[in-house]
Chemist: 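I am attaching a structure below and will ask some questions about it afterwards.
Counting starts at 1 for both ligands and their atoms, following the listed order.
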Amino acid sequence: MTDFSGLNLAQPILRAISDKSYTLPTPIQLKSIPPLLEGHDLLGIAQTGTGKTAAFALPLLHRLAQNPGTVKRGKPRALILVPTRELASQVSDNLRSYGRHLPVCTAVIFGGTNIRPQIRAMSRGVDVLVATPGRLLDLISQGHVQLHVIETFILDEADRMLDMGFLPDVKRIITKLPAKRQTLLFSATMPKSISKLAANLLNNPKRVEITPAASTVEKVQQRVLFVTKEKKRSLLTKLLNDEEIGRVLIFTRTKYGADRVAKHLYRGGILANAIHGNKSQNARQRALKSFCAGKIRALVATDIAARGIDIKDVTHVINFDLPSEPESYVHRIGRTARAGAGGIAISFCDHDERNHLRNIEKTIGLNVPVFTDHPFHDSEIENSKTPGKRKLRSKRVDLQQRNTQRTKRKAKKAA
Ligand code: AMP
C-alpha cells in the first residue's frame with residue numbers, strides 16, 4: 001500500500017502528518033488526494049471517521065502552499081462549509097495541525113458565539129475559511145466576507161445540511177462564488193436532492209465512494225434489550241454499574257431526554273453530561289472536552305449534537321431511544337467502531353420502538369441479537385408482532401426472487 005510519501009504532498013505537510021503519527025493514508029485519502037492535487041472536482045461519499053477531513057485538507061493546503069498569494073482582508077481563497085459548530089471547530093483544528101509548518105492562515109466562524117472576534121479575524125486576513133452557513137451569510141451581508149476570490153469550495157456533510165434545513169442558505173452562498181473554482185462535495189448518503197445539487201455544483205467530478213456502513217455494522221457487536229419506557233433509566237444505571245462499560249456515548253431522541261438521562265446518571269454517581277442544541281456553545285465544548293479527557297464517563301447526546309464530532313475510544317454506544325431512521329442507527333453505532341476498532345452497541349427498545357427496530361433490521365440486513373439476561377427484560381415487547389429471523393430472511397429471498405423475475409421480464413421485453 002502507498003504511504004504518504006508516494007502522494008506528492010509538499011514536505012511541510014508530510015512533516016505535519018508524521019507529527020500526527022499517521023503511517024498510511026486511509027482509503028478515502030488514497031483515492032481523493034491524487035485527483036484533487038490535479039485540480040479535479042470531487043464527489044466524496046463518505047462519513048466522518050473515514051479520514052475525509054485530511055482527504056480534502058491535505059491537497060487544499062498543498063495547492064495553497066504551491067501557489068502562495070498575499071492574505072487579503074475578508075477575502076478567503078478557500079471556503080469549507082459545514083453544518084455544525086462542532087464540525088467547524090474540528091475541521092479548523094485539523095487544518096491548523098496539518099498546516100502547522102506552512103504560512104497558511106485559517107479562520108473559523110459559526111453562530112451562537114460572539115461575532116466580534118470573528119469580524120476581527122476576517123479583517124486580519126484569511127486563506128481558508130471554515131464556516132457554518134447562517135453565520136457566514138450574516139458576515140457576508142455585513143460586508144466582512146467576500147467570496148469572489150474563492151479558488152476551492154468544499155461542501156462537507158451535504159446530507160446533514162439538508163437534514164438541518166440549511167440547503168436554501170447553502171444555495172445562496174453558492175451564488176456568491178466565482179464560476180472558476182475547484183469544488184468538492186462530501187456526503188455520507190446520496191438522497192435525490194443531494195445528487196441534484198452535486199450535478200449542478202460539480203464540474204466533471206471524480207467520484208470516490210467509501211461505504212463503511214456494512215463493514216461498520218459488522219464490526220460492532222450489537223444487542224437489543226426489550227424494556228418498557230419507564231424502566232429504561234433503571235436499566236441504564238444497572239448497565240453502567242458494570243465496570244466493563246468504559247467510555248459510553250448515549251443517544252436520546254430529544255434534548256429534554258438527554259438532560260434527564262444525564263441528570264439521572266449524575267445523581268446515581270456516574271459522571272455524565274449532555275450535549276444538545278439548547279446548550280451554549282461553551283457548555284457543549286466543555287462537556288466534549290471533559291468526555292474526551294476521560295473526566296466524565298458518559299456523554300448523552302441527540303443525533304444532531306453528536307453529528308460530525310470525533311470522539312476517540314468510545315467503548316459503547318447506548319441507544320437509550322431507538323432512532324426512527326435506520327440511517328441514524330448506523331451512524332450512531334459507527335461511533336464505537338472508529339479507525340478499524342470494533343465496539344459494542346446496546347439498544348433499548350420499548351413498545352413504541354418495535355417498528356423502528358424492524359426497519360433498522362431490514363436496512364442492515366440482520367436481526368440484532370436480543371439480550372434477555374437483565375432484570376428489566378420485557379418478553380411482551382419481545383413477542384409483540386414482528387417478523388422473526390426466518391420471516392426476515394424469507395422476505396429477503398422473496399425480494400431477491402422478485403428482482404430476478406423483474407430482470408428476466410425486462411430482458412424478455414428488450415429481446
Ligand atoms: P475524519 O473522518 O476526518 O473525522 O477522521 C477521523 C479520525 O481519523 C481523526 O481523528 C483523524 O485524526 C484520524 N485520521 C485521519 N487520517 C488518518 C490516517 N491516515 N491515519 C491515522 N489516523 C487518521
Chemist: List the residues meeting side-chain hydrogen bond (donor to acceptor under 3.5 Å, both in side chains) with R120, not counting sequence neighbours, and say none if there are none.
Modeler: none

Chemist: As a test of understanding, state which of V128, I154, L136 forms a side chain to side chain contact (heavy atoms under 4.5 Å, CB included) with L79.
Modeler: L136

Chemist: Would you say Q118 and H144 are linked by a side-chain donor-acceptor pair, where the criterion is simply a distance under 3.5 Å?
Modeler: no

Chemist: Does the plane of the ring in F371 sit parallel, tilted or perpendicular to the ring in H374? Use 30° and 60° as the thresholds.
Modeler: parallel

Chemist: Enumerate the atoms of ligand 1 whose separation from the nearest heavy atom of T53 is less than 4.0 angstrom.
Modeler: 1 (P), 3 (O), 4 (O)

Chemist: Calculate, to the nearest 0.5 Å, the distance between atoms CD and CG belonging to Q66 and L102 respectively.
Modeler: 9.5 Å

Chemist: What side-chain donor-acceptor pairs closer than 3.5 Å can you find for residues 158-168, not counting sequence neighbours?
Modeler:
| unit_1 | atom_1 | unit_2 | atom_2 | d |
| --- | --- | --- | --- | --- |
| D159 | OD1 | S187 | OG | 3.4 |
| D159 | OD2 | A188 | N | 3.3 |
| D159 | OD2 | T189 | N | 3.0 |
| D159 | OD2 | T189 | OG1 | 2.6 |
| R160 | NH1 | D163 | OD2 | 2.8 |
| R160 | NH2 | H331 | NE2 | 2.5 |

Chemist: With only distance considered, is N94 within less than 3.5 Å of ligand 1 through an N or O on each side?
Modeler: no

Chemist: Which is it for L24 and ligand 1 at heavy atoms under 4.0 Å: side chain, backbone, both or neither?
Modeler: backbone

Chemist: Does any N or O atom in G51 lie less than 3.5 angstrom from one in ligand 1, N or O only?
Modeler: yes

Chemist: Does an N or O from T50, backbone or side chain, lie closer than 3.5 Å to an N or O of ligand 1?
Modeler: yes

Chemist: Tell me whether ligand 1 is touched by I28 - counting only heavy atoms on the residue side and a distance under 4.0 Å.
Modeler: no

Chemist: Going by distance only, is there an N or O of Y22 that falls short of 3.5 Å from an N or O of ligand 1?
Modeler: yes

Chemist: Is F4 in polar range of ligand 1, meaning some N or O pair under 3.5 Å apart?
Modeler: no

Chemist: Under the criterion side chain to side chain donor-acceptor pair (under 3.5 Å), I'd like the reasoning laid out for H377 against E382: C-alpha separation, chi angles, the key distance, then a yes or no.
Modeler: CA-CA 9 Å; H377 175 66; E382 182 182 10; 3.1 Å; yes

Chemist: Would K20 count as being in polar contact with ligand 1, using the rule that some N or O on each side must be under 3.5 angstrom apart?
Modeler: no

